[in-house]
Amino acid sequence: MSELSAAGRAHWLAELSDALSDAQRLTWLIGAGGSHEAMELYGRIEAALNEAQALRFGGFGARHREPASIWVDPAPWPTPKSMQRD
C-alpha cells in the first residue's frame, strides 16, 4: 500500500466529505416522509461523514486518544478486591 502525501490525503478526504454531504442531502430529500430506512441511512452517512472529518482535521488516529483521567480514576465507592488496581 502506498502512502498518500499529506496534501493528497487532505484533498481525498475533502472530496469524500463533499460526496457524503451530497449523499446525506439526497437521503434527506427522499426520506422526507420519515421512512425508517431513510432515517437509518441518514444516520450511517452522518457517522461516516464524522469519521472522514475527524481524519481530515484531526489526523489519523485522532479518535483513538487516551481516555480522560476522570474515567480511569478509581471509583468513589468500594470495589471488590479483584477489581482494584495496584
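Note that the structure is predicted; figures quoted are calculated from it, not measured.
By the rule that hydrophobic residues join a cluster once side-chain heavy atoms approach within less than 4.5 Å of another member, Ile45 and Leu13 end up as members of one cluster.
Here Leu55 contributes atom CG and Asn50 contributes atom CG; the two are 11.0 Å apart, rounded to the nearest 0.5 Å.
Listed by first and then second residue, the side chain to side chain donor-acceptor pair (under 3.5 Å) pairs involving residues 19-33 are Asp22-Arg25, Gln24-Glu46 (not counting sequence neighbours). For residues 30-40, every residue pair satisfying the side chain to side chain donor-acceptor pair (under 3.5 Å) rule, not counting sequence neighbours, is listed here: Glu40-Arg44.
Residues Ile30 make up the rest of the hydrophobic cluster containing Leu26, defined by ILVMFWY side-chain heavy atoms closer than 4.5 Å, directly or through other members.
Between Ala52 and Ser17, the closest heavy-atom pair is CB-OG, 3.8 Å.
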